[in-house]
Student: 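Take this structure, written in C-alpha cells, and hold onto it; I'll ask about it next.
Just so it is clear: chains get the letters A, B, ... in the order the sequence lines come, proteins before strands, and each one is counted from 1. The basis for the numbers below is simple: all heavy atoms, side chains too, and nothing from hydrogens, waters or symmetry mates.
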Amino acid sequence: MTTMSDIYENVMEVARRRGFVWPSSEIYGSVAGFIDYGPLGAMMKRNVENVWRNFYIIQEGYYEIECPTVGAEAIFVASGHVKEFADKMCQCPHCGEYLRADHIAEEHGVEGAGALSAEMLKSRIYELPCPACGETMGETDVFNFNLMFETTIGPGSQRRGYLRPETAQGIFTDFARLLRFYRDKLPFGAVQIGKSYRNEISPRQGMIRLREFSQAEAEIFVHPEEKKHPVFHRYAEYQVPLLTYGLQETGKPPVQKTMRDAVDEGIVANEYVAYYIALTHELLVTIGVDPEKLRFRQHMPDERAHYAMDCWDAEVFSGRFGWVEIVGIADRTDYDLRAHAANSGSSFTVFIPFEEARKVSRKRIVPDMGVLGPRYRGRAKAIADTMAEATPGEAGVTVEVDGEEIFIPAEQYQIREEEVEVRGEEVMPHVIEPSYGIDRMMYVVLEHAYAEEEVEEEVRRVLRLPPAVAPVQAAVFPLMNRDGLDLIARQIADTLARRQIVAQYDDSGAIGRRYRRQDEIGTPFAVTVDYDTKEDDTVTIRDRDSMEQVRIPVDQVADVVCSLIAGTMTFRDLAA
RNA sequence: GCAUCGAUGGUCUAGUGGUAUGACUUUGGCCUUCCAAGCCAAUAGCCCGGGUUCAAUUCCCGGUCGAUGCACCA
C-alpha cells in the first residue's frame, strides 16, 4: 500500500503517464516552476474552474472580467508591488551565500528590520556574522530582489512593464467602469481567472510553487462600515474548522464553529470574511478535497501581506507537503483603492444616498461682486472661489491667490447661514478578496483522489475524482469487438457526446484492462454493451468506486449518465 | 543560490570505454461472453553542451531537471 512519503511520486507518475501534468518544454530542458497541463489535465483544470464559476458567478452573481497579464509600471507602483513585493537580499562576500538582509538583522535584535531601507540595512549588518559561514558580513551591498517578472513594452525598450503577480489589480483599475456596470450600488464584485507570475527564487515542490500559475480571484467591494453579507443566512449554520491565531500560539488544534458563532464571538472579522470561508469550504469539498484534511488558518498579525487586515487561509493536508495554503481570504480594506486613487487621480468612491436627505446648516461667504469685480477684474472669480472655502476673521478674510495674499474687509461680503440638503456621502469601499490557487487545487484533488487497492491480488489504481471534475465523464465499451456490439457502443458514445458528455469509446484489449485504464484517469462511469444488449436492448453501467454494475435500457443511458454526473442521482439510487 | 546524491524506451529498471537488459504499457494479429488472462509480432531509450579518447551512455568539466538538507517562499 501507498505510504505517506511516496504518494506524491505515485500521483505524479500517473499524472505524467496519463497526460495530466508534464514538465514544460522538456525537449529543451524544462525550467523549474513551469508546467504543462496535458490533455486530461487541461480538461480537468477547466472543470475545476467551471465549478469555481458555478459558485462565484452563478451563485454569487459576480461577473467575470479578463485583463492583460502584462501591466504598465504605474499599476504596480500604485499597488505597492514595485516597492513591497521584494526581498532585501545580500550576498555574503566570504561564502557567496544569498541571504535575506533583514533576517540577519532581526536575528541580532534589530527591531523592525523589515521596514529599513537598503542603505540602513547595509550599515546594520556590517558587523554581524553571516549565518551560513560565520564570517563578519562587512562591506556588502543590500539589494532588492523583486519577485515580479519585468519586461518592456514596445520598441526601444522605453516603457517598463511587469507580468502581473496577481489578477486582482486588473479588477481594481477597472473599478469605475465596474461601478457603473453594477449601477452605482454597493456591494458588488468582479472575478477573474487567469495566469499570474512570480519569479520565485527557488521553486520546488512541483505544482505547489510555480513561477507561472493560475489564480481565480474575486474582489468584492463592500461598504466599509457595513460588512454584513446580504445572504449570510446561507452559511450562518455552516460549520468549518477554524485555527485562530490564538490557537496557533498555544499550539492547540482547530475548533469547529458555525459561521454565525465565529462572527458573534469576534473570531472572524466580519460576515463577509466568514461567508467566503464557508463558501470556500463547500467549493473545495465539491471538487474533491477530503474534508478531514481541510482547515482554515488565520494569519498571525505579523504574517499578513502588506495590504491585508484580516486573512484566513484554506489549508489542505498533503501527504507530501503537509498543510498547504490553497486559498487566501483577506479583508484588504481600502488599501488598494486608496493607493490607486492617490496615484491615478481618479475617483474610487461610491455615492451612498442617505435614506432621507439630511438638512445641514452651514455658513457660507457670499462676496459682494459689485465691489470685488471692478476692483480685482480678472482675478475676482478666483478670489471669490477661494473665499468660499476660507474661514473669516472679525475684520475680514485673507485669501491667497496666485501666491499673493489679499485681504478682503468684512463689509465686502456677507456671511449667509443656509440650510443645505445633503443627500448622501462618498465612501471608499473596502475589498473582500477570496483568492484561489488553481494549480494547488489541482494537485491536492489529485492526491486526495488517488487510491491503490488490492483486487484479486492485483493493485488497482484509481482516481476517485468527483464526476464534476473528472476529465473523462463516461467510457463506452463493446464487450467484444465484433458481432455488431461495436456499432451499438459507438452509437451510445455519439449519443452521449450530443448531450455534452465527454465520453471515450474503447474497444482495445480485454474488458478488464479497459476498466482499469478508465479507473486510473478517474472516469466515474462505464457503459458496456454485451450480448444481452442484442436481445433486450439493455446495457450495463459500472460505477468506478464500487465496481458494481446495473443494467439499464439503452434509450435511458444518456439521461442516467447526465443525472449521475450532475449529481442529481447517485449510483446507489440507480441500483436500488 | 549553496552542499550531497541522482538522471537509460511512454513507465519502472539491468548494465557497459566498442550503440544497451528485463518487465509493464502502447500498436497490429490470433484467442477471449465483464474487471490489467494467454500466444505471435512491431514501435520505442542512454538529459543537454564541452573536454579526454581511434571510440564516451559510461571518465572529466559546465549546465538543466529532480530528491534531500540549508537559505528563500509578499
Student: Can you check B:U19 for me, syn or anti if syn means within 90° of 0?
Tutor: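 Base orientation relative to the sugar is syn.
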Student: Send over the distance from A:Arg461 CZ to B:U25 P, rounded to a whole Å.
Tutor: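 Computing the A:Arg461:CZ to B:U25:P distance gives 11 Å.
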Student: So, A:Glu249 versus A:Tyr245: side-chain donor-acceptor pair below 3.5 Å or not?
Tutor: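 No, no side-chain donor-acceptor contact under 3.5 Å.
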Student: Any side-chain donor-acceptor pair under 3.5 Å between A:Thr167 and A:Gln192?
Tutor: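 Per modelled atom types, A:Thr167 and A:Gln192 side chains form no pair under 3.5 Å.
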Student: Side-chain donor or acceptor of A:Tyr515 under 3.5 Å from a matching atom on the base of B:C34?
Tutor: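 Check passes, donor-acceptor contact within cut-off.
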Student: Among the nucleotides B:C65, B:C34, B:U32, which one has an atom lying closest to any side-chain atom of A:Arg551?
Tutor: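 Looking only at heavy atoms from C-beta outward on A:Arg551, the closest nucleotide is B:C34.
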Student: Select base, sugar-phosphate, or nothing to describe what A:Ser30 touches, counting heavy atoms under 4.0 Å on all strands.
Tutor: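 If one applies the 4.0 Å heavy-atom cut-off, A:Ser30 turns out to touch the sugar-phosphate alone, with no base involved.
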Student: Does a side chain donor of either A:Gln215 or A:Glu166 reach within less than 3.5 Å of an acceptor in the other side chain?
Tutor: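 Distance-only check fails for A:Gln215 and A:Glu166.
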Student: Do NZ/NE/NH1/NH2 and the carboxylate oxygens of A:Arg461 and A:Asp519 come within less than 4.0 Å?
Tutor: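 A salt bridge is absent here (no side-chain N lies under 4.0 Å from a carboxylate O).
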Student: In the 5'-to-3' direction, what one-character label does each nucleotide of nucleotides 5-13 of chain B receive under the scheme B = base within less than 4.0 Å of a protein heavy atom, S = sugar-phosphate only, - = no such atom?
Tutor: ------SS-
Student: A:Ser508 side chain N/O closer than 4.0 Å to the phosphate oxygens (OP1, OP2) of B:U27?
Tutor: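 Indeed, a polar side-chain atom of A:Ser508 lies that close.
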Student: What is the distance from CZ of A:Arg211 to C1' of B:U64, rounded to the nearest Å?
Tutor: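 After rounding, the gap between these two atoms is 12 Å.
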Student: Expressed as a whole number of angstroms, how long is the span from A:Asp506:CG to B:U26:P?
Tutor: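 Distance check: A:Asp506 CG to B:U26 P gives 9 Å.
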Student: In terms of side-chain heavy atoms, does A:Thr69 have a donor or acceptor partner in A:Arg164 at a distance below 3.5 Å?
Tutor: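 Absent: no donor and acceptor within the cut-off.
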Student: Without decimals, in angstroms, what is the distance between A:Asp532 CG and B:U33 C1'?
Tutor: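 Nearest whole value for this atom pair: 9 Å.
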Student: Report yes if a side-chain nitrogen or oxygen of A:Arg320 is closer than 4.0 Å to either non-bridging phosphate oxygen (OP1 or OP2) of B:U68; otherwise report no.
Tutor: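 A:Arg320 to B:U68 OP1/OP2: side-chain N or O found under 4.0 Å.
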Student: Nearest whole Å is fine: how far is B:C34 P from A:Asp507 CG?
Tutor: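 Taking atom P of B:C34 as the reference, CG of A:Asp507 is at 17 Å.
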Student: Need one value for A:Arg542: base, sugar-phosphate or nothing, where a base atom within 4.0 Å counts as base even if backbone is also close, heavy atoms only.
Tutor: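 Base, at least one base heavy atom under 4.0 Å.
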Student: Whole Å only: how far is the CE atom of A:Met207 from the C1' atom of B:G66?
Tutor: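 Distance check: A:Met207 CE to B:G66 C1' gives 16 Å.
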Student: Would you indicate what A:Arg544 reaches in the nucleic acid, counting non-hydrogen atoms under 4.0 angstrom: base, sugar-phosphate, or nothing?
Tutor: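 No contact.
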Student: Looking at B:U27, B:C34, B:C35, which one has an atom nearest to any side-chain atom of A:Thr540?
Tutor: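 So the nucleotide nearest the side chain must be B:C34.
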Student: Determine the contact category for A:Leu479: base if any of its heavy atoms lies under 4.0 Å from a base atom, sugar-phosphate if only primed atoms, P, OP1 or OP2 are that close, otherwise nothing.
Tutor: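 Base contact.
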Student: Measure the CG-CG distance between A:Leu485 and A:Leu479 for me, rounded to the nearest 0.5 Å.
Tutor: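 Taking CG in A:Leu485 and CG in A:Leu479, the distance rounds to 7.0 Å.
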Student: Would you say the side chains of A:Thr280 and A:Tyr436 form a donor-acceptor pair under 3.5 Å?
Tutor: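 On atom types as modelled, these side chains qualify, holding a pair under 3.5 Å.
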Student: Ignoring the backbone of A:Ile511, work out which of B:C34, B:C65, B:U32 is nearest its side chain.
Tutor: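 Out of B:C34, B:C65, B:U32, the nucleotide with an atom closest to A:Ile511's side chain is B:C34.
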Student: Give a yes-or-no answer on whether the side chains of A:Tyr8 and A:Ser318 include a donor-acceptor pair shorter than 3.5 Å.
Tutor: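 The criterion, which ignores hydrogens and geometry beyond distance, is not satisfied for A:Ser318 and A:Tyr8.
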Student: Return the nucleotide paired to B:G9: Watson-Crick means purine N1 to pyrimidine N3 with N6-O4 or O6-N4, wobble means G-U with N1-O2 and O6-N3, both under 3.5 Å.
Tutor: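 Paired with no nucleotide.
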Student: Is there a side-chain contact between A:Arg517 and the phosphate of B:U26, meaning an N or O under 4.0 Å from OP1 or OP2?
Tutor: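 A:Arg517 to B:U26 OP1/OP2: side-chain N or O found under 4.0 Å.
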Student: Expressed in angstrom and rounded to an integer, what is the separation of A:Ile35 atom CD1 from B:C65 atom P?
Tutor: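 Rounded to the whole Å, the gap is 15 Å.
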Student: Between A:Pro165 and A:Thr528, who's closer to the 5' end of RNA chain B by nearest nucleotide?
Tutor: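 Of the two residues, A:Thr528 wins.
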